[in-house]
Amino acid sequence: MSVDPNTPVLRNCIHLPLPEDELIEVTGKAKDYAIMHGAAMRSKTSFSPDSLNFAPFVLVPSSFPRKEFEKAVGLQPIINRLMHNVAHDEEFITTTLAETIKVDEFTANLFNIYRKVLAHGFTQRTSLGMLRSDLMLESGCPELSPKALLLRGEAGEDGQADTAAAAAAAGTGSGSGGGGRGKAKSKAEARSEEEEAKRDMHLSRATVSGITTATVASKDRKTAAYCCWKQVEINTIASGFGHLGPASKTVQSFVLRELGHADKLPKMPNNNALAGLCDGMVKAWDIYAKPQAVILFIIEDVSYNICDQRFHEFYIRETYPHIKVLRRTLTDVHREGKLGLNKELLLSGLEVAVIYFRAGYEPGHYHSQDEWDARYLMETSLAIKCPSIQYHLAGTKKVQQALAQPAVLERFINDPDEIKAVGKIFTGLYSLDDNDAGNATYEMALRTPEKFVLKPQREGGGNNVYGLDIPDALKRMSRVERSGWILMDLIHPPLTKGYMVRPGAEMPPTIVDMVSELGIFGVVIGDADHIIHNYQAGHMLRTKLATANEGGVAAGLGALDSPYLIDSDDEDEN
């Protein structure tokens, strides 16, 4: 992935570079501090159950606009409610995934479980959703086009009317991706207008009403660097980093104090993700209302991200010592599990109140029919699932693509202001089904592949196809196979510059260009008719090399990070 030289750069938390001696000393301390405070993982290259490496981390926190951070936090309960409503809409899930399950075996297997559970009725109507909404800042918003700047000049800096007008002028707006169900001609026209607006935006000296875009960028770098954020995806299963998110703040706070910048700490927001998520499991345990019942973690055969999982377990055991936690694989559940007289899930004689899936989100976790049978056993049990099968399906990319259509949001959200707020966060999401709209998307992807990301119905990272690799990938698919994928507009986030510290890397680290992805956690508990609990539950920040497509921390391209909130790019970084 190449970096556009015109991409805006957010100012640093502190002045960089650091003197080499100071950099070497503080980095060495930070590595040990990370391991000793649980910011660690097991190595994939030299795995041992008896050793840990520190997780890759960014030495000092990356800047993030306070306004956009607070907007994301405030929006999470609405997203929680949206996904809860989606998960409990049988018709919507069935219709939306109808084509996908014909070509995607994994999604089809999940859907078959869903269908069988529906046929017999849900034994447990209450679901626990522990979600993570992932987002990136978008530096290429249409509000920065010359047309939009003209409207801004006429309407003032209020930022409401001018934003809506700018979106209209650029041929975009909430849900401009449309999901691919509109007429191909209108989509092509909208795309043409949007591309024209983007070309206008990048004119280095285009003068509008006496103001050049370069002048605006220099006078209002906050707007130029980040005028909005866009949602990358919603995770409904195994939403990780509930511990590592707060742990990264712990490590970076130590580094700032060591560097003599303790005054910066108040701008790092509180992060109670671990407590927020674990308390969600305990609230579900309370609803189950059997004091001797346990919480079950479903885990992989080999857990590399062991600290993130274990700290959830340890938090529950330390804070609620009367609640026992079990860890089992899908294979273990098949071997040990059975249903009691009231369909309670029994493992080794213990009744399970809550099932927390940290595995089961990718085909490799199901080695045989045994694991699928175990999943079905759990879904038919009285235990409260996180996620239940309907929540799992609600998190598929195909469902998220369908939600990007404004008319669809109205099905799940009643408040017009909430519909508008959620609609604004969607980037372009396009169907590849074998119909007029899907075929138009296919041709668009072949013409300008550099503008897009191709996504399958998978979680866990490493599955997407980017940019110039898209045409070959699409051409290898049949028209029917394309239905298992969606196309998404490529987001263009602003850059940050900093030191990325990795196990085994050369010392001292060098300054690199990076981009960040913010994840906001949410907890929602309820059934089809009532939501009992709904709250935002902390955050995490992953930062990757700007040249990398995927940002997996364990893979070494990404790193733990935490946001340093800034109100203006004009602040003195010293």
Side-chain angles (χ1 to χ4, degrees), residues 82-83 86 92-108 110-111 133-136 174-182 184 187-188 190-191 194 230-237 361-363 392-409 422-423 425-467 469-491 549-550:
L82 166 65
M83 297 308 296
V86 169
F92 180 73
I93 288 179
T94 300
T95 302
T96 302
L97 294 176
E99 296 302 315
T100 300
I101 61 176
K102 294 177 183 178
V103 296
D104 189 301
E105 182 181 5
F106 179 69
T107 306
L110 294 173
F111 189 83
S133 177
D134 291 340
L135 61 98
M136 296 185 86
S174 64
S176 63
R181 292 189 181 179
K187 178 178 292 294
R191 170 64 57 181
E194 183 178 349
K230 296 295 181 182
Q231 189 175 75
V232 177
E233 62 183 354
I234 301 174
N235 298 277
T236 62
I237 182 169
Y361 54 83
E362 65 174 36
H392 192 165
L393 292 172
T396 57
K397 303 298 187 294
K398 186 64 178 176
V399 168
Q400 293 175 32
Q401 177 257 314
L403 288 175
Q405 303 167 86
V408 173
L409 283 179
V422 173
I425 71 174
F426 291 130
T427 189
L429 295 164
Y430 312 97
S431 167
L432 283 161
D433 290 351
D434 185 17
N435 54 33
D436 288 346
N439 293 334
T441 299
Y442 175 82
E443 295 298 332
M444 179 174 69
L446 295 185
R447 286 196 308 270
T448 55
E450 70 280 359
K451 297 176 184 281
F452 302 108
V453 182
L454 188 61
K455 291 189 168 188
Q457 315 301 313
R458 293 288 181 276
E459 299 297 337
N463 301 299
N464 299 335
V465 181
Y466 291 82
D469 293 331
I470 291 175
D472 285 344
L474 284 176
K475 289 174 182 178
R476 287 194 296 268
M477 300 178 197
S478 68
R479 285 173 174 254
V480 176
E481 288 172 336
R482 286 182 354 218
S483 300
W485 298 70
I486 67 165
L487 195 70
M488 186 180 103
D489 282 348
L490 189 66
I491 299 171
N549 284 326
E550 300 289 351

Solution key, residues 470-478 side-chain donor-acceptor pairs under 3.5 Å, sequence neighbours excluded:
residue, atom, partner, partner atom, Å
S478, OG, V480, N, 3.4
S478, OG, E481, N, 3.1

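- Residues forming a side chain to side chain contact (heavy atoms under 4.5 Å, CB included) with D134 (at least two apart in sequence, or on another chain): R132, V232, E233, N235, E517, R542.
- T441 has its side chain out of reach of F452: every pair of non-hydrogen atoms, C-beta onward, lies at least 4.5 Å apart.
- Donor-acceptor pairing under 3.5 Å is recorded for the side chains of K398 and Q401.
- T94 is listed as a side-chain neighbour of F111, based on a closest heavy-atom distance under 4.5 Å.
- Scanning both residues, N464 and P456, for their nearest heavy atoms gives OD1-CD, 3.6 Å.
- Looking only at side-chain heavy atoms (C-beta outward), L487 and Y442 stay at 4.5 Å or farther from each other.
- Between the D433 side chain and the N435 main chain, no donor and acceptor come within less than 3.5 Å of each other.
- Annotation: side chain of L429 is in contact with side chain of I486 (closest heavy-atom distance under 4.5 Å).
- Checked by atom type and distance alone, the side chain of Q231 never pairs as donor or acceptor with a backbone atom of T427 at under 3.5 Å.
- A distance-only check finds no donor-acceptor pair linking the side chain of T396 to the backbone of H392 [under 3.5 Å].
- Within the 4.5 Å cutoff, the side chain of K451 has no heavy atoms near those of the L490 side chain.
- Applying the side-chain hydrogen bond (donor to acceptor under 3.5 Å, both in side chains) rule to T100 yields no partners; only residues at least two apart in sequence or on another chain are considered.
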